[in-house]
> 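Below you'll find the structure I mean.
Letters A, B, ... mirror the listed sequences (proteins, then strands); counts begin at 1. Remember, it's a predicted structure, so these values are computed and weren't measured experimentally.
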Amino acid sequence: MTKIERVKGTRDLLPEQMAKRRYVFDRIREVFERYAFNEILTPTFEYTRLFQLRSGEEVVRQLYAFKDKGGRDVSLRPDLTSSVARLFVSQFQNAPKPVKWYYITNMFRYEEPQSGRLREFWQAGVELIGSPGIEADAEVIALMIESYLATGLKDFTVNIGDRVLLDEFARMLGVEDDIGLMRLIDKKDKLAEEEFVEALMDFGLKRDDVEKVLSLIELKGAPDEVLPKARELFKSESAAEELKKIEELFELLEAYGVRDYALIDLGIARGFDYYTSIVFEAIAPNELGIGSIGGGGRYDNLIEVFGGKPTPATGFAIGIERLIPILESRGLLPEFELRPDVFVVYIGRELEIRKKAAEVTRMLRRAGMKADYDIQGRKLRKALDYANRFGIPIVVIIGKKDLAEGRVTVRDMATGEQRLVPAEKVVEEVRGMLGR
RNA sequence: GCCGGGGUGGUGUAGCCUGGUUAGCACAGGGGACUGUGGAUCCCCUAGCCCGGGUUCAAAUCCCGGCCCCGGCCCCA
């Protein structure tokens, strides 16, 4: 027989893991809902062209692309932003603004799996479309912070950068390959300073331009320290305007009560080419080799690229497979009881007895208890053994002799105490023992 | 796409270097000892060398390729 394995970079999620994931999803979903974002879902696959429109070469390279039976070129979604843009352009351009949508679903990228990276992974994200103001940036950044807080995470920061300033910076240096420069700057934290300097020289920067880059990446920390320095580095009017926005952003974040979790890091570029202004990423210290646990930013011209009227937008995505191991490593995820509350076993093979077991189980289930019965029809000894192994606290034993008197035995597995009760009282009895 | 380390029953492993008994052990699973009372013990059973090729009288073991896992690069969540 041929053994079929999982496709590379995919995961089976077992009951314990699913319980934890659902817990995390629920916490995040509650916050999203409280911020008045509404859930949407788009198709798992779209025309490949949709994802190519955005033209980030790397994204296209990582597409899970194939031809369907009708000869259509389609791809599994690598994120939801393109689909959301498509949906917005085709049906929501005249909707009252802003449009506030969220999603919690799976994405697919054909990459080499490693720590915190799979080919199928889940993201919880939001898109806020139609708001140009800094209030919109503040809204989504605050929401991201509150989402992490809702999962119990406390030591993390959301680092905020700005594409306008980076563009300006590239212009100051006379660099044409601004994206290339941003990529390089983005790597600052991974390299030792001398390696970083070397990489910048290799990129073609002159000595004093390298110095400028080094002073740029110094622009990191609380706004009170960073903003004055940034004002010295950036002299243009547009930069001054952008810095003013950042200042306001932090004032707003204070009003949201989450300012302490946010920092400025003007060296953040983010990989996607479509970001236009404020960008941000969430980092939580860990020894798991996991980088950012979420990221986002403003993409004011993407809707246009998808054929819509110019429409400002911003959003973020939280990487579930990165967040969960971090929560787990900090003991922030509760343990979930998967075992039933009560287990019904029967003695004998007669249909009457088997029916009674099903019936008693039904009554317990109808009463809202997590109840199971021994479908295997084990011997009593083995059945108790089974219940014990799973830590099932209560067992109902149905035997012929007692049943003749209309009674069943309810056993407390921890103490071994048993009571013979009328069959119709079994729900009441079990409920009492469970303390509900 | 590139680089490094790995792949033995369901799980964890011994064996591999130095080719040669029926591939050992533990746990888990099923059954029994015990036909109406568990957590103990004993017995039995189920079940494995990732796939393909090569070398050899002989391959889990050596060689090559592929697949998958872990990690790194690129990139990103």
> Determine whether a donor-acceptor pair (N or O, by modelled atom type, separation under 3.5 Å) exists between the side chain of A/T314 and the backbone of A/G297.
yes
> Has A/R381 got a side-chain N or O lying under 4.0 Å from the OP1 or OP2 atom of B/C34?
no
> Now, which nucleotide makes the Watson-Crick or G-U wobble pair with B/A14, with each of the two distances under 3.5 Å?
none
> Of all the nucleotides listed (B/C75, B/G36, B/G38), which has the minimum atom distance to the side chain of A/M413?
B/G38
> Contact class for A/L380 vs. all strands (heavy atom < 4.0 Å): base, sugar-phosphate, or nothing?
base
> Report yes if the distance between the aromatic ring centroids of A/Y274 and A/Y299 is under 6.0 Å, otherwise no.
yes
> Using the C1' atom on both, measure B/C25 against B/G9 and round to a whole Å.
12 Å
> Would A/R119 count as a cation-pi partner of A/Y110, with NZ or CZ less than 6.0 Å from the six-membered ring centre and within 45° of the ring normal?
yes
> Could you check which of B/A77, B/U37, B/G30 has an atom nearest any side-chain atom of A/R378?
B/G30
> Over how many whole Å does the gap from A/E111 atom CD to B/C73 atom C1' extend?
12 Å
> From the set B/A77, B/C75, B/G71, return the single nucleotide nearest to any side-chain atom of A/S115.
B/G71
> Specify the separation, in whole Å, of atom CG of A/N159 and atom P of B/A77.
14 Å
> Tell me, yes or no, whether the heavy-atom count around A/F45 atom CZ, taken from other residues, nucleotides or ligands under 6.0 Å, exceeds 12.
no
> Looking at B/G38, does its base get a donor-acceptor pair with the side chain of A/N388 below 3.5 Å?
yes
> Expressed as a whole number of angstroms, how long is the span from A/I394:CD1 to B/U37:P?
21 Å
> For atom P, what is the distance between B/C69 and B/A28, given to the nearest Å?
29 Å
> My understanding is that a pair needs two contacts under 3.5 Å, Watson-Crick or G-U wobble. By that rule, which nucleotide pairs with B/A33?
B/U41
> Out of the candidates A/R21, A/R109, A/R11, A/K20, only one should pair with A/E321 under the salt bridge (Lys or Arg N to Asp or Glu O under 4.0 Å) rule; please name it.
A/R21
> What nucleotide among B/C76, B/U37, B/A77 has an atom nearest to a side-chain atom of A/Q418?
B/U37
> Heavy atoms only, 4.0 Å cut-off, all strands: where does A/D402 land among base, sugar-phosphate and nothing?
base
> Looking across every strand, which nucleic acid part, if any, lies under 4.0 Å from A/G416 by heavy atom: base, sugar-phosphate, or nothing?
base
> OP1, OP2 of B/C69 versus side-chain N and O of A/R6: anything below 4.0 Å?
no
> Can you build the contact string for nucleotides 3-8 of chain B? Use B for base contact, S for sugar-phosphate-only contact, and - for no protein heavy atom under 4.0 Å.
------
> Starting from the C-alpha separation in whole Å, work towards a yes-or-no answer on side chain to side chain contact (heavy atoms under 4.5 Å, CB included) for A/E127 and A/T81.
CA-CA 8 Å; A/E127 310 287 352; A/T81 305; 3.1 Å; yes
> Could you tell me how far B/G10 sits from B/G72 if I compare only their C1' atoms? Round to whole Å.
31 Å
> Looking at A/F203 and A/L184, what are the two nearest heavy atoms and their distance?
CB-CD2, 3.6 Å
> Rounding to an integer number of angstrom, what distance separates B/U18 and B/C64 when you compare their P atoms?
15 Å
> For A/I397, answer base if it contacts any base atom (sugar-phosphate contacts may also be present), sugar-phosphate if it contacts only those atoms, and nothing otherwise; contact means non-hydrogen atoms under 4.0 Å.
base
> Measuring only the C1' atom in each nucleotide, how far is B/U11 from B/C51? A whole number of Å is fine.
22 Å
> So, OP1 or OP2 of B/U35: does either fall under 4.0 Å of a side-chain N or O from A/K379?
yes
> In sequence, state the C-alpha distance, the side-chain angles, and the governing distance for A/K370 and A/D341, and then conclude on salt bridge (Lys or Arg N to Asp or Glu O under 4.0 Å).
CA-CA 5 Å; A/K370 184 164 176 174; A/D341 299 322; over 6 Å; no
> Return the value, rounded to whole Å, for the distance between atom OH of A/Y103 and atom P of B/A77.
9 Å
> In chain order, what residues pass the side chain to side chain contact (heavy atoms under 4.5 Å, CB included) check against A/R22, with sequence neighbours excluded?
A/D26
> For A/R61 and B/C76, give me the distance from atom CZ to atom P, rounded to whole Å.
11 Å
> Write down the distance separating the P atoms in B/C44 and B/U8, rounded off to the nearest Å.
27 Å
> Looking at A/R330, I want to see if its CZ is surrounded by more than 12 non-hydrogen atoms of other residues, nucleotides or ligands under 6.0 Å.
yes
> With a 3.5 Å cut-off and heavy atoms only, can you find an N or O donor on one side and an acceptor on the other between the side chain of A/R389 and the base of B/G39?
no
> Select one nucleotide: of B/G1, B/U37, B/C73, the one nearest the side-chain heavy atoms of A/Y110.
B/G1
> Expressed in whole Å, how much space separates the P atoms belonging to B/G5 and B/G65?
13 Å
> Relative to the 5' end of RNA chain B, which residue comes earlier, A/V7 or A/I293, by the nucleotide with the nearest heavy atom?
A/V7
> Taking atom types as they are modelled, is there a donor-acceptor pair under 3.5 Å from the base of B/C76 to the side chain of A/R322?
yes
> When you compare the ring of A/F121 with the six-membered ring of B/A77's base, are the centres less than 5.5 Å apart and the planes under 30° from each other?
yes
> Determine the interatomic distance between P on B/U35 and the same-named atom on B/C27; round to the nearest Å.
24 Å
> I need the CG-P distance between A/D412 and B/G39, as an integer number of Å.
16 Å
> Would you say a side-chain N or O of A/R11 is under 4.0 Å from OP1 or OP2 of B/C68?
no
> Under 3.5 Å for both donor-acceptor distances, Watson-Crick or wobble: does B/G4 have a partner, and if so which one?
B/C70
> Atom CD1 of A/I398 to atom P of B/G36: distance rounded to whole Å?
15 Å
> Provide, to the nearest angstrom, the distance between the CD atom belonging to A/E16 and the P atom belonging to B/U11.
15 Å
> Within the pair A/Q114 and B/C70, is there a side-chain N or O less than 4.0 Å away from OP1 or OP2?
no
